[in-house]
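Encoded as structure tokens, the structure appears first; notes follow it.
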Amino acid sequence: DAGVTQTPRHEVAEKGQTIILKCEPVSGHNDLFWYRQTKIQGLELLSYFRSKSLMEDGGAFKDRFKAEMLNSSFSTLKIQPTEPKDSAVYLCASSPTGWNNQAPLFGEGTRLSVL
Amino acid sequence: QQNVQQSPESLIVPEGARTSLNCTFSDSASQYFWWYRQHSGKAPKALMSIFSNGEKEEGRFTIHLNKASLHFSLHIRDSQPSDSALYLCAVNPGGYKVVFGSGTRLLVSP
């Protein structure tokens, strides 16, 4: 079975650049999540889509982070402009029913390094 | 605001040992609880879940939930080197705003 696919796996950016991370959810899943993972903060929710509609825009992350879901099989996370503190692993997850009785499936993530 | 804490931060155990990982949460109304396992450079994968007080066993893994004490735990019997990973607990009070713990890094030495 195809899982959640994230590209690229690694990204290196200079401070101030714009980067776009991509995610293909599992076919048929209605919910899509973007998380940021760091050793200090753990997993933090960035965005949440239900049936392509943005339900959560990330609160403290909304000023430079923008997630979009143009169709049910593709989502992007844009960071503009990047800062060194954005260095982290960015994880995408999808689920047929959100976080109820079935846990979402995660992709392997994009490791971002901002110099 | 849900607060989820994991302990210990890291753990080294010999192969064959019993391992216990702990997770405490602050919202007694939380409904869904999961343990995830994440090998280095890989996707977090749901290991086990529990939705009511008590115990649940699957193979070498057992989870306990006690909502009154705001605590749930994961126990691994006969730990194997392949169990070496980051273990994350996740708590859902309802809806989509799941809160993750910061993780316990387990190393099982051969």
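Protein chains get the first letters and strands the later ones, always in sequence-line order, with residue 1 at the start of each. As the structure is a prediction and not an experimental result, all values here were calculated from the model.
- In the hydrophobic cluster analysis, where Ile, Leu, Val, Met, Phe, Trp and Tyr join through side-chain heavy atoms closer than 4.5 angstrom, Phe25(B) is grouped together with Trp35(B).
- Of the possible polar contacts, one joining the Arg9(A) side chain to the Gly41(B) backbone as a donor-acceptor pair under 3.5 Å is found.
- Under the 4.5 Å side-chain heavy-atom criterion for Ile, Leu, Val, Met, Phe, Trp and Tyr, Leu106(B) and Leu88(B) are members of distinct hydrophobic clusters.
- Heavy atoms of Glu56(A) lying under 4.5 Å from chain B belong to its backbone as well as its side chain.
- Under the 4.5 Å side-chain heavy-atom criterion for Ile, Leu, Val, Met, Phe, Trp and Tyr, Phe51(B) and Leu47(B) are members of distinct hydrophobic clusters.
- You'll find the side chain of Trp34(B) stays beyond 4.5 Å of the side chain of Pro104(A), heavy atoms only.
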side-chain contact (heavy atoms from CB on, under 4.5 Å) between Val89(A) and Gln38(B), worked out: CA-CA 13 Å; Val89(A) 176; Gln38(B) 185 179 22; 5.7 Å; no
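- Tyr87(B) and Val99(B) fall within a single hydrophobic cluster, where Ile, Leu, Val, Met, Phe, Trp and Tyr side chains are chained together by heavy-atom contacts under 4.5 Å.
- Applying the 6.0 Å contact sphere to NZ of Lys42(B) captures no more than 12 heavy atoms from other residues, nucleotides or ligands.
- Note: the hydrophobic cluster containing Val91(B) also contains Met48(B) (ILVMFWY, side chain heavy atoms under 4.5 Å, direct or indirect links).
- Contact record, Tyr36(B) with Ala103(A): OH-CB, 3.2 Å, taken as the closest heavy-atom pair.
- Residue-environment remark: NZ (Lys67(B)) exceeds the threshold of 12 foreign heavy atoms within 6.0 Å.
- Proximity to chain A at a heavy-atom threshold of 4.5 Å picks out nothing from residues 4-12 of chain B.
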